[in-house]
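For reference, the structure discussed in these notes is given below.
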Amino acid sequence: MAYRVSDASLRAAVAHLCRYGDTDVFPHLPELSFFSEEEDAVVTELATLDLDSYAPTGAFEALAPKNRYGFRIVHQLPALDALLLLACVIEIGENIEAKRQPVGGRRVRSYRFSVDLAKGQVFRPDRTYKDWLHSQQAFLIEKKYIKKVVSTDISDFYARINYHRLENLLDEAASGHGAVRFIKKHIKVIRARQSFGLPVGGSAARILAELALTDTDQALRDRGLLASRFVDDFRIFLKASDDPYDALGFLAEQLGINEGLSLNVSKTSVSTRRDYLQRLERMTSDVDEEAEGVALEKLTADLYFDEEPDEEDLERLKGINLVDLLNEEFSADNWDMNRIRVIFRALRIAKPKEAIDFIRDNFCDYVIFAKDLCLLMEAIEDDEPGCFDQVLDDLVEAVLCPPASSVQIIRTWLIEILVRGVVNIPMSRLKDIDGLSATVDKRKLLLLRGRLDDKNYFRRHKTAIHTFSDFERICLIWGASCLPKDEYNNWIDSIKANFDKPLGPLFLKWAQKCRSTLIAKLKAEIIDHPD
């Protein structure tokens with residue numbers, strides 16, 4: 001038996017990965033530039049690959065902040081595996097969508113599958129989290145008999161999805177399909193040590209997670225409960241005579257007995273209609289003053305559609321004291337992580353001058369938001385080259401000390417600041433962080449050595465490629481592009497036997513062609529994934 005994924009699904013997966021990235025947690029894989037520039041050749045080769053015989057590798061797992069004192073495990077797949085997994089999920093995307101609640105309804109608003117190849121989208125653009133909040137507002141305004149709202153979510157949803165339940169659901173959605181066989185095989189490899197959980201951070205997992213809750217959505221409907229869901233967030237709308245305890249008990253039993261999932265007690269509450277409407281108003285306005293709310297809400301929509309704010313919106317945004325707003329949120333006892341990230345996004349668009357001194361003076365305090373910090377600093381540094389070089393000492397110390405020393409994602413994004421050249425590090429300081437041993441750190445250091453033109457390092461190691469893992473070798477090729485053209489090309493020709501996996505020879509040929517621009521591609525812009 002042989003299964004080959006279609007050209008159309010491969011192209012949709014390439015377009016999505018190159019537009020939105022392989023993950024919304026890690027820095028995006030540099031190989032996405034290769035996919036983008038060699039799309040036709042990549043699709044042609046992979047369309048002939050027998051996925052029944054292809055063996056996917058595992059995923060890199062790392063700890064990431066979830067809230068102020070909470071954490072989660074996140075994953076990054078090798079580029080080829082990320083592409084193949086997404087393509088296979090796209091292949092059966094319509095089958096999965098057919099098992100879900102009607103797309104025009106109120107019940108399920110999250111990640112509705114719809115491919116737009118030209119825009120690289122695999123989700124409908126009118127079913128975002130913000131759209132979900134507005135749909136609830138409209139529903140409550142219309143249905144005045146609703147008097148109470150139950151709010152809850154699933155505890156560690158992605159990490160606790162039962163693999164065997166998902167297998168059965170996939171078989172129900174697309175029985176006998178080769179894509180289903182590959183998806184099951186891939187997830188089993190990724191989660192080899194557990195019988196539950198999906199890789200966190202990519203679009204393929206988002207679609208599969210929606211499949212995992214289709215029975216629960218139908219159970220709520222069959223029970224006659226007026227409910228709405230966005231990923232693992234549930235809202236149940238009750239009349240005055242309805243018992244919130246009864247509704248929660250039904251949902252908890254459905255999730256616990258049938259899915260092996262449990263509700264998050266700390267995020268479960270019952271609100272009056274009035275209080276919940278006020279809560280929605282605050283969430284959709286983002287800030288207390290209406291003008292600020294309009295500007296920030298417009299910003300999130302513009303980012304989704306890859307549009308810059310118009311002059312009027314940009315001026316309104318610049319009129320907000322975003323630095324003070326960020327400081328105020330950061331000083332709160334309980335952080336609203338989404339709100340803080342929206343403010344960071346707004347800062348990246350407005351780029352106020354005062355943000356430079358603010359980051360210089362408060363760099364160490366904000367390292368828990370290392371991704372947002374990196375992207376903001378990069379946006380500002382593009383206009384003010386070298387403006388953050390004086391934070392180098394703080395940056396190096398932050399890489400080596402808590403929380404970065406114990407939380408991989410924080411450390412990864414801090415090193416990314418150096419990889420992208422946002423903060424310049426002299427070769428003499430590289431030794432301070434050269435001892436980092438995690439695979440993802442070693443990948444970043446290879447890229448950083450390339451940026452620093454460390455020819456001696458690559459000359460010493462180019463005959464020892466067998467000592468580098470598959471996950472590191474791509475970055476070894478990338479960093480070694482600092483070598484002279486003839487030396488680089490001759491070396492690439494000599495190591496082709498080490499790149500015998502699918503796309504390996506094609507990647508080496510592309511690297512030789514693009515040698516002089518590989519380091520510059522590390523700053524290639526990829527859009528944030530829509531919320």
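For reference, positions follow the sequence shown, starting with 1. Worth knowing before you read on, the calculation uses all heavy atoms, side chains too, and leaves out hydrogens, waters and symmetry mates.
Ser110 places a side-chain N or O within donor-acceptor distance of the main-chain N or O of Val231, the cut-off being under 3.5 Å. Of the possible donor and acceptor atoms, none in the side chain of Ser406 sits under 3.5 Å from a partner among the backbone N and O of Pro402. Side chain of Arg443 to main chain of Ile474: no donor-acceptor pair is present (N/O by atom type, distance under 3.5 Å, no hydrogens or angles). Distance alone, capped at 3.5 Å, places no donor-acceptor pair between the Ser36 side chain and the Leu32 backbone. Using a distance-only test at 3.5 Å, with no hydrogens or angles considered, a donor-acceptor pair links the side chain of Asp389 to the main chain of Asn424. No donor-acceptor pair closer than 3.5 Å links the side chain of Arg348 to the backbone N or O of Glu378. Side chain of Lys185 to backbone of Pro56: no donor-acceptor contact under 3.5 angstrom is found.
For Asn456, the side-chain contact (heavy atoms from CB on, under 4.5 Å) partners at least two apart in sequence or on another chain are Asp454, Arg459, Arg460. Residues satisfying the ring-ring contact (aromatic ring centres under 6.0 Å, His included) criterion with Phe196, sequence neighbours excluded, are absent altogether. With sequence neighbours excluded, the residues satisfying side-chain contact (heavy atoms from CB on, under 4.5 Å) with Ser53 are Asp50. For Asn498, there are no side-chain hydrogen bond (donor to acceptor under 3.5 Å, both in side chains) partners at least two apart in sequence or on another chain. Shown here are the side-chain hydrogen bond (donor to acceptor under 3.5 Å, both in side chains) partners of Lys66, two or more places apart in sequence or in another chain: there are none. The side-chain contact (heavy atoms from CB on, under 4.5 Å) test applied to Asp372 returns Arg341, Phe344, Phe369, not counting sequence neighbours. Judged as a salt bridge (Lys or Arg N to Asp or Glu O under 4.0 Å), and not counting sequence neighbours, the contacts of Asp382 are Lys523. In this structure Ala41 satisfies the side-chain contact (heavy atoms from CB on, under 4.5 Å) test together with Glu38, Leu506, sequence neighbours excluded. A search for side-chain hydrogen bond (donor to acceptor under 3.5 Å, both in side chains) contacts involving Asp116 returns nothing, not counting sequence neighbours. Judged as a ring-ring contact (aromatic ring centres under 6.0 Å, His included), and not counting sequence neighbours, the contacts of Phe330 are Trp335, Tyr366. With sequence neighbours excluded, the residues forming a ring-ring contact (aromatic ring centres under 6.0 Å, His included) with Phe34 are Phe507, Trp510, listed by chain and number.
Only one option out of Asp336, Leu376, Leu325 pairs with Ile343 in a side chain to side chain contact (heavy atoms under 4.5 Å, CB included); it is Leu325.
Comment: Glu37 engages Lys521 in a salt bridge, judged by a side-chain N to carboxylate O separation of less than 4.0 angstrom. The pair Arg360-Asp357 counts as a salt bridge, with a side-chain nitrogen and a carboxylate oxygen less than 4.0 angstrom apart.
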Run the side-chain donor-acceptor check on residues 72-88: report pairs under 3.5 Å with partners two or more places apart or on a different chain.
| residue | atom | partner | partner atom | Å |
| --- | --- | --- | --- | --- |
| His75 | ND1 | Val200 | N | 2.9 |
| His75 | NE2 | Glu61 | OE2 | 3.2 |
| His75 | NE2 | Arg191 | NH1 | 3.0 |
| Gln76 | NE2 | Asp22 | OD2 | 2.9 |
| Gln76 | NE2 | Pro27 | O | 3.2 |
| Asp81 | OD1 | Tyr54 | OH | 2.6 |
| Asp81 | OD2 | Thr57 | N | 2.8 |
| Asp81 | OD2 | Thr57 | OG1 | 2.9 |

